[in-house]
Structure formats: structure tokens, C-alpha cells
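The residues of the chain are indexed from 1 along the displayed sequence.
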Amino acid sequence: VKKEANMNRNPAIYIFCLLGLFFLPLISQGEIASITPEKPKWGDTIRVTYNPRAEGAAFLPGDDVYAVFHISLENGADQKWIKMEKTGDVFFGDIPVEEGMAYLNIYFITLENWDRKVNISTMINREEGVPARGANQHKMISSSPDEYMDYFRRERELYPDNFAVFRDKWFLLGAFDKANLLSTVEKDMAILEKNLSEPSDELLYSLSHGYMFMDREPEARKMLRILMSKYSKSFYTGYAIRNYDYQVFSKRIKGDGSEEVKTMMKKLFTENPLSFFTREQIAYFVNDEDVSFDVIRSVCDPWMKEEQDNPLPYSILAEAYAKKTTEQE
């Protein structure tokens, strides 16, 4: 496998991601794994190393080790992998830093296991050395209670129209300072609502979250309708809908909203079968009687053609075929 040309999207890797790796704490184990250069920018090539001889490493020199990297983009996300090569006993792999990348979160697996102790990350700069849009935002998510507001302010200073950063601020506030969460959301929402005359997908994303925090479900659903009508292909639309669904479940909200939003989710699947969001979410709908086998197949068929070595779409489609017997062909 050549170190740059053969970047791929997830083999057995999606299986790990669906178990929640996206939310792992970003633990840097410098003696086991490292990234160079320290401050990568668009156009660079990142060298990732993993030393199986270092104390605490989970893998051995004879293993086949893969680097999996979750890519936060300026307007979205992706996930890819490379099989690492070796110099002596040290594994290495190269990742080209493409325009639009904002943040990389890298972890290491074999096809049987993953090193749960090692998770390294880096902010990405634009060509001129300024952090890319969203770089400080994603760094904020991995920061300590004393640091995250600094990264929030830096993102706001560089990109004042990146309203999605408010949602992440609230998420962290709920973990670090829950007593002040509601009052902060209310103050921030007053700022966000002033921009509704020209709503962006990022603005609608945070507004929908904020309204759910404030128990204003009809207004949250209104934001989702606008997202679906104006930004149905946006990264933020799917995750706004997913958050709504989670809040309805956790708060046990009654009414017709849940069914309306479930219809939105199915529409996203059928209209965007190749998207990162759809592939990440489709496994959860195998048991949903309202999601047909044809919908699941429309997602899995092109996925299997694109990633022939990835077992996940085959598994999802087989499970759906077995369970949705009335729609078998």
C-alpha cells in the first residue's frame, strides 16, 4: 500500500466509530504516537508515527496497523484510513492536508483491535498560517474546563459568522457548568435570533439546539423545516435532526413532532445516499419498520461499490434483508 495514494474510507473502521470513537477524549501519547509538523497547514503532508516498542503500546511490531482519521472540514466531516508502513519497528503513514480541512483526530487499530489509550489530534491552518474555519471550534471540544472558552472566543474572532460554535459551547457548558447552562443559552439565543433575517445552516443548527434546551420544541422544529428546505445537503442538517430526535427521547416529549422529523430523516437518506452522515446513521434504522429495505439498499449498494473491502455495508444490507422479509426481492 502506498502511503499517500491509497487513502481510503473505513474498512472495519466504521464498526469502531459507531461505538462512539468520535467522542473519545483526545489523549496524546507522544512516546507511542506523534504527528509532524506540529502546526500543519493546507498543502502540507502530515507524518503519523506509532511506536509499538514504547511503553503502553497495544500493538506489536508484527501487527498490521492502520491509522484512522476523523476529518473535521470547514463545512462538514469525513473519515478515512491508511495502512501504515514500517521503518524498523516504527509504523508510519502520510496524510496529505487538503484545502478545507480544519482538524484531524487520529487513532490506531488492527482489524481485530484498537489502541484505546492513544488518540492524537491536531488543528489545521490555512495556507497563510491562520487556523482554518472550525479549527478552534474542534480544539475547544477536547479542551479542559479552564481552556474551552478561550478557543470559543478565538473561533468567534476569526469567523464571526460560524454560529455552529455556540452549540458546542453549550455542550461543554452542560458538562462543566450545568448550573449556568440555561441562562447562558438564553443569552446566546438572543444574539443568534438577531441573524434570522439571513439564516445560514450553521445558525439554524445552533438555534434548533437552543430551542430544545429551552423546551421550545415547535420553534426547534421550525428551524429543522428551514434547514430541510434550504440546506438539505448540509452536514449540519442531519445532525440537527439527530439532536432533535435525541432530545425528544430523553425529555419524553409527546406530540406529532417526532413523526414529522422522522420523515425528514428518511428524506435525507434517500436524497443523500452517499453522504458521510447517511452512512454513519443508516445502521440504526435497520429495525425501523418505517424505513424500507429499498431505502437501506440505496445507501448500501453504492457504498459497497466504493469500498469493496469494508464489511459494514454488506452486514447492514444482509441484516436489513433478513428482517424486512415482506420487501425481499
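The pair Arg133-Asp161 meets the salt-bridge criterion, with a side-chain N (NZ, NE, NH1 or NH2) lying under 4.0 Å from an Asp/Glu carboxylate O.
Rounding to the nearest 0.5 Å places CG of Asp201 at 10.5 Å from NZ of Lys230.
Residues Phe91 and Leu60 do not share a hydrophobic cluster, clusters being chains of Ile/Leu/Val/Met/Phe/Trp/Tyr side chains in contact below 4.5 Å. Note on Val97: it does not cluster hydrophobically with Val130, by side-chain heavy-atom contacts below 4.5 Å among ILVMFWY residues. Under the 4.5 Å side-chain heavy-atom criterion for ILVMFWY residues, a single connected hydrophobic cluster contains both Tyr284 and Leu268. Note: the hydrophobic cluster containing Phe269 does not contain Tyr246 (ILVMFWY, side chain heavy atoms under 4.5 Å, direct or indirect links). Criterion: ILVMFWY side-chain heavy atoms under 4.5 Å apart, direct or through other members. Under it, Phe171 and Phe166 are part of a common hydrophobic cluster.
Side-chain atoms of Ser206 come within 3.5 Å of backbone N or O of Phe163 as a donor-acceptor pair. Under a 3.5 Å cut-off, the side chain of Glu99 and the backbone N or O of Gly43 do not form any donor-acceptor pair. With hydrogens and angles ignored, the 3.5 Å screen pairs no side-chain donor or acceptor of Asn113 with any backbone N or O of Thr110. Ser208 contributes no side-chain N or O that, together with a main-chain N or O of Met223, makes up a donor-acceptor pair within less than 3.5 Å.
Side-chain atoms of Glu186 and Met214, non-hydrogen and from C-beta on, do get closer than 4.5 Å to each other. Between Lys262 and Asp288, the closest side-chain pair of non-hydrogen atoms falls below 4.5 Å. Under the 4.5 Å side-chain criterion, counting only non-hydrogen atoms from C-beta, Leu317 is in contact with Phe293. Inter-residue side-chain proximity for Arg225 and Lys222 is flagged as met; some heavy-atom pair is nearer than 4.5 Å. Between Ile282 and Trp303 the shortest side-chain heavy-atom distance falls below 4.5 Å.
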Fill in: Verdict with supporting geometry, Arg279 and Glu306, side chain to side chain contact (heavy atoms under 4.5 Å, CB included)
CA-CA 12 Å; Arg279 290 179 178 181; Glu306 182 181 337; 3.0 Å; yes
Practice prompt. Check step by step if side chain to side chain contact (heavy atoms under 4.5 Å, CB included) holds for Gln247 and Asn243.
Written response: CA-CA 6 Å; Gln247 292 291 333; Asn243 174 73; 3.8 Å; yes
Practice prompt. List the steps, then state whether side chain to side chain contact (heavy atoms under 4.5 Å, CB included) holds for Arg53 with Val90.
Written response: CA-CA 8 Å; Arg53 297 292 189 188; Val90 177; over 6 Å; no
Practice prompt. Tell me, with the steps shown, if Val165 and Tyr159 meet side chain to side chain contact (heavy atoms under 4.5 Å, CB included).
Written response: CA-CA 10 Å; Val165 72; Tyr159 305 101; over 6 Å; no
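Using cut-offs of 30° and 60° on the angle between ring planes, the pair Tyr205 and His209 is perpendicular. A perpendicular orientation is assigned to the rings of Phe277 and Tyr239, their planes being inclined by more than 60° (bins at 30° and 60°).
Atom CD of Gln308 has 12 or fewer neighbouring heavy atoms from other residues, nucleotides or ligands inside a 6.0 Å radius. Within a 6.0 Å radius of NZ in Lys86, other residues, nucleotides and ligands contribute more than 12 heavy atoms.
Remark: aromatic rings of Tyr50 and Phe59 are close, center separation under 6.0 Å.
The side-chain hydrogen bond (donor to acceptor under 3.5 Å, both in side chains) test applied to Tyr151 returns no partner, not counting sequence neighbours. By the salt bridge (charged side-chain N to carboxylate O under 4.0 Å, His left out) test, Asp63 pairs with no residue at all, sequence neighbours left out.
Residues Glu193 and Tyr211 have side chains that bring a donor and an acceptor to within less than 3.5 angstrom of each other. In this model, no donor atom of one side chain and acceptor atom of the other lie less than 3.5 Å apart for Asn125 and Lys39.
None of Glu147, Lys169, Lys139 except one satisfies the side-chain contact (heavy atoms from CB on, under 4.5 Å) rule with Phe152; the exception is Lys169.
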